[in-house]
Asker: 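I have a structure I would like to understand better, so I am pasting it below and will then ask my questions one at a time.
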Amino acid sequence: MANNKASTKETVLLKQEIANLKIKNAKLEEVSKKSNKTTKPVKRHGRKILIGVFAALATLLLVFGNIFFWTGRTLVDTNRYVSTVGPLIKQPPIQSAIAQYTTDQVFNNFDVQGYIKSILPPKAGILAPELTSQVKNYTQTTIKSLLNNSKVQSFWYSSLTKRHTALISFSKSYTGNGTIDVSDIYGQLSKRLSTTQLSFLANKQLPDKVGSIKITTVGWLPAFHKLVTNIDLYQFITTSLFIITSGLAIFLSSRRLRMVVKLGLVYAFFMLITVLAVKIMRGVFVSNIHQTYQAAAQAAYDTILKSFVSQTYSILIISLLVSLAAGITDKFNLINKAKPQLLKLRQKIAPKNSKAIIKK
C-alpha cells in the first residue's frame with residue numbers, strides 16, 4: 001500500500017511538472033512569435049532596401065560605364081578613333097557640305113565676278129554674273145569629286161592616324177597645367193628626329209629663356225592626360241563595381257534567379273532608353289545647325305555614334321538573353337532537376353578516381 005501511495009504521489013508530481021512545463025512552453029512560444037513578428041518584417045524591409053540600392057547602383061554604373069567606355073576608348077585608342085571619325089569623308093552629305101562651304105569661303109573672300117569682268121571685253125561684261133555662277137558650280141563639283149577620290153580618302157585616313165598618334169603621345173608625356181611652351185613642342189620633335197638624319201638636333205637642352213616661351217593654352221589637356229594614362233584603371237574600377245553591386249543584389253535576394261531576371265530586364269530597359277536618348281539628342285543637335293548644313297550634321301552625328309549605338313544594342317541583347325535563361329531555369333526548376341544527375345555523375349567518377357589512386 002505504501003508503495004502504491006508513493007507511486008501515486010510521484011505521478012501527481014510528474015503531472016504537475018508536465019503541466020507547468022506546458023505552461024512555460026506556451027509562454028515561450030508566444031514570446032518567440034511576438035519577437036518573430038517584430039524582427040522578421042524589419043529584417044526583410046532592410047534587405048529589400050539594400051537590394052534596391054545595389055540594383056540602382058549597378059544600373060547607374062552600367063549606363064554611365066557604357067558611355068564612359070565608348071568615349072574613353074574612342075578618344076584614346078587610335079584605331080577606334082580612326083574607324084569612328086574616318087568614314088565621315090565618305091558620306092555624300094558631308095562631301096557636299098564641305099564643297100559648298102569651301103566654295104562659299106573662296107567666293108566671299110575674293111571678288112571672282114569682278115575679276116572675270118575685268119578680263120572680259122567691255123561689251124561682254126554683261127556675261128560676268130553667268131560666268132561667275134558657272135565657275136562657282138564647277139569649283140563646288142570639283143571639290144566634291146576630289147573628296148570622293150580614293151587617294152584623297154586614303155590621305156585623310158593616314159593623316160588622322162598620324163595626328164591622333166602624335167596627340168596621344170604628347171598627352172601621355174605632358175604634365176603641365178594646360179600651357180604649352182617651346183620645350184613641350186621640342187620634346188615631341190626630338191622623339192621624331194632621333195630616328196632621322198637630323199638626330200644630332202634631338203635631345204638638346206634648350207635655354208630657359210627659349211624653352212619657357214608660351215605658345216598656347218589648352219584647358220582640357222590636363223584632364224585628357226589623366227584619361228589617357230588611367231583609362232584602363234577607370235574601366236577596371238567601373239567593371240568591378242558593376243559586378244560587385246549586381247552580385248550583392250542577387251546574393252541578398254531570397255529568389256536569386258528571379259532577381260537575375262529582374263536585373264536583366266532593368267538593364268535592357270535602360271539600354272533602350274539610352275538609344276532613344278541618342279536619337280532625341282540628334283534632333284536637338286541638328287536643329288542648332290544652319291539649315292544649309294543640317295543634312296551633313298545629321299550624317300556626321302549618325303556616323304560618329306554608330307559604334308556607340310551598336311555597343312548599347314549588344315548590352316541590351318546580352319541582358320535579355322541572361323534574363324531569359326534565368327527565367328527558364330527558374331520556371332522549370334532546372335537546377336534542382338540537374339542535382340540528382342550531377343550526384344550520379346559524381347558517384348560514377350568517384351570510384352574510378354579511388355581505384356586510380358589505389359593503383360598508384
Side-chain angles (χ1 to χ4, degrees), residues 51-91 94 157 160-161 164 168 224 227-228 230-251 253 256-286 297-331 334:
I51 291 171
V53 169
F54 288 130
L57 286 173
T59 304
L60 289 174
L61 284 166
L62 180 63
V63 172
F64 290 104
N66 180 36
I67 298 169
F68 174 73
F69 267 55
W70 179 83
T71 306
R73 278 298 172 202
T74 302
L75 290 176
V76 173
D77 188 275
T78 299
N79 292 330
R80 287 194 61 170
Y81 174 80
V82 173
S83 65
T84 301
V85 179
L88 290 175
I89 199 171
K90 296 181 180 180
Q91 299 295 321
I94 295 175
Y157 273 88
L160 279 178
T161 304
H164 190 266
I168 296 302
F224 190 67
L227 177 65
V228 170
N230 298 309
I231 182 68
D232 293 329
L233 176 63
Y234 294 156
Q235 290 184 349
F236 173 77
I237 292 172
T238 305
T239 305
S240 300
L241 289 175
F242 170 71
I243 294 171
I244 290 169
T245 50
S246 299
L248 287 171
I250 295 167
F251 177 76
S253 178
R256 292 170 183 171
L257 283 173
R258 185 167 290 185
M259 190 65 202
V260 173
V261 174
K262 290 179 180 178
L263 284 176
L265 293 175
V266 170
Y267 296 160
F269 173 74
F270 275 92
M271 290 300 98
L272 181 61
I273 293 295
T274 303
V275 173
L276 293 175
V278 169
K279 292 184 178 181
I280 292 169
M281 288 301 297
R282 178 178 63 180
V284 175
F285 170 74
V286 172
Q298 183 172 333
Y301 186 91
D302 292 339
T303 301
I304 291 173
L305 291 177
K306 182 180 178 181
S307 58
F308 174 71
V309 173
S310 176
Q311 174 180 293
T312 306
Y313 272 126
S314 298
I315 298 172
L316 188 152
I317 293 169
I318 292 170
S319 300
L320 288 177
L321 289 175
V322 170
S323 180
L324 179 64
I328 293 171
T329 305
D330 184 44
K331 186 173 182 179
L334 295 178

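Just so you know, these numbers use all the heavy atoms, side chains as well, and skip hydrogens, waters and symmetry mates. The structure displayed is predicted, hence computed values, not measured ones. Along the sequence shown, residues carry numbers from 1.
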Asker: How far does CG of Leu60 sit from CG of Leu241, to the nearest 0.5 angstrom?
Answerer: 12.0 Å

Asker: Output the distance between atom OH (Tyr313) and atom CG (Leu272), rounded to the nearest 0.5 Å.
Answerer: 7.0 Å

Asker: What pair of heavy atoms forms the shortest contact from Leu257 to Ala326, and how long is it?
Answerer: O-CB, 3.8 Å

Asker: Taking only residues two or more places apart in sequence or in another chain, which ones pass side-chain contact (heavy atoms from CB on, under 4.5 Å) with Val278?
Answerer: Tyr301, Leu305, Phe308, Val309

Asker: My understanding is that only residues two or more places apart in sequence, or in another chain, count here; which of them pass side-chain contact (heavy atoms from CB on, under 4.5 Å) with Ile231?
Answerer: Phe68, Arg73, Val76, Leu227, Gln235

Asker: So, taking the atom named CG in Leu62 and the one named CG in Leu57, what distance separates them when rounded to the nearest 0.5 Å?
Answerer: 12.5 Å

Asker: Pair up each side-chain donor or acceptor in residues 316-325 with any protein partner under 3.5 Å, not counting sequence neighbours, and list the distances.
Answerer:
{"residue": "Ser319", "atom": "OG", "partner": "Ile315", "partner atom": "O", "Å": "2.8"}
{"residue": "Ser323", "atom": "OG", "partner": "Val261", "partner atom": "O", "Å": "2.9"}

Asker: Between Ile304 and Trp70, which heavy-atom pair has the shortest distance, and what is it?
Answerer: O-CZ2, 3.2 Å

Asker: Not counting sequence neighbours, which residues clear side-chain hydrogen bond (donor to acceptor under 3.5 Å, both in side chains) with Gln298? List them please.
Answerer: none

Asker: Within the distance-only criterion (no hydrogens, no angle test), does the side chain of Ser310 pair as donor or acceptor with the backbone N or O of Lys306 below 3.5 angstrom?
Answerer: no

Asker: Keeping His164 on the side-chain end and Asp77 on the backbone end, is there a donor-acceptor pair under 3.5 Å?
Answerer: no

Asker: How far apart are the closest heavy atoms of Thr238 and Gly65, and which atoms are they?
Answerer: CG2-CA, 3.9 Å

Asker: What's the spacing between Leu61 CG and Ile237 CD1 if we round to 0.5 Å?
Answerer: 11.5 Å

Asker: Working to the nearest 0.5 angstrom, can you tell me the gap between Ile250 CD1 and Met259 CE?
Answerer: 7.0 Å

Asker: Say you draw a straight line from CD of Gln311 to OG1 of Thr74; how long is it, rounded to the nearest 0.5 Å?
Answerer: 8.0 Å

Asker: Can you pull out every ring pair (Phe, Tyr, Trp, His ring centres under 6.0 Å) where at least one residue sits in residues 259-278? Sequence neighbours excluded, please.
Answerer: Phe242-Tyr267

Asker: Can you name the closest pair of heavy atoms from Ala55 and Ala249 and give their distance?
Answerer: N-CB, 4.1 Å

Asker: For the residue pair Phe69 and Thr239, establish whether any side-chain heavy-atom pair is separated by less than 4.5 Å.
Answerer: yes

Asker: Scan the side chains in residues 82-90 for donor-acceptor partners under 3.5 Å anywhere in the protein, sequence neighbours excluded, and list what turns up.
Answerer:
{"residue": "Ser83", "atom": "OG", "partner": "Asn79", "partner atom": "O", "Å": "3.1"}
{"residue": "Ser83", "atom": "OG", "partner": "Arg80", "partner atom": "O", "Å": "2.9"}
{"residue": "Thr84", "atom": "OG1", "partner": "Arg80", "partner atom": "O", "Å": "2.7"}

